[in-house]
Amino acid sequence: MIVMSKTQEIRAYIEEQSPNTLFIGNGNEHDSALIGIARIKRENEWVEVAMYSYDELIASFTEQFRDSENEDPDFDPQQDAVEWVDFNVMGAYVGKYTPYVVYN
């Protein structure tokens with residue numbers, strides 16, 4: 001018997017039920033922020049999309065940026081994560097399967 005984490009269960013369900021759904025990042029790098037499935041109406045069609053926690057996305061991107069080799073003394077990985085998520089994630093619409101982000 002294979003035991004999956006809640007996040008793995010969510011991803012597996014989405015991949016099976018809605019194979020066109022988009023995820024944030026490459027592979028499963030930000031799955032720690034994946035909290036469920038949103039069923040929403042986009043482009044006159046009901047679709048299921050990946051649903052992410054805003055706060056957990058910030059935490060995930062902060063860790064990713066902290067691991068980067070940035071030598072700028074003013075580098076603040078959390079501030080960069082907030083700016084990145086606000087502009088590149090929250091401000092993006094790449095079709096009806098764009099992930100849905102909730103503030104919690």
Going by chain and number, the hydrophobic cluster around Y52 (ILVMFWY, side chain to side chain under 4.5 Å) further includes I10, Y13, I14, F23, I24, L34, I37, Y54, L57, I58, F61, F65, F75, V82, W84, V85, V89, M90, V101, Y103
What pairs of residues pass the salt bridge (Lys or Arg N to Asp or Glu O under 4.0 Å) test when at least one of them lies in residues 76-99, not counting sequence neighbours?
E45-K96
Salt bridge (Lys or Arg N to Asp or Glu O under 4.0 Å): pairs with one or both residues in residues 27-41, sequence neighbours excluded
R11-D31
Do any pairs count as a salt bridge (Lys or Arg N to Asp or Glu O under 4.0 Å) and have a residue in residues 55-66, sequence neighbours left out, and if so which ones?
E63-R66
Contacts of type side chain to side chain contact (heavy atoms under 4.5 Å, CB included), residue A38, not counting sequence neighbours
I40, V49, M51, Y100
By side-chain hydrogen bond (donor to acceptor under 3.5 Å, both in side chains), S53 pairs with (sequence neighbours left out) N104
Heavy-atom pair of closest approach, residues P99 and L22:
CG-O, 3.3 Å
If the condition is side-chain hydrogen bond (donor to acceptor under 3.5 Å, both in side chains), which residues does Q17 pass it with, not counting sequence neighbours?
none
Residue F87 excluded, over 12 heavy atoms near CZ under 6.0 Å:
no
Sequence-distant partners of S18, side-chain hydrogen bond (donor to acceptor under 3.5 Å, both in side chains), two or more places apart
T21
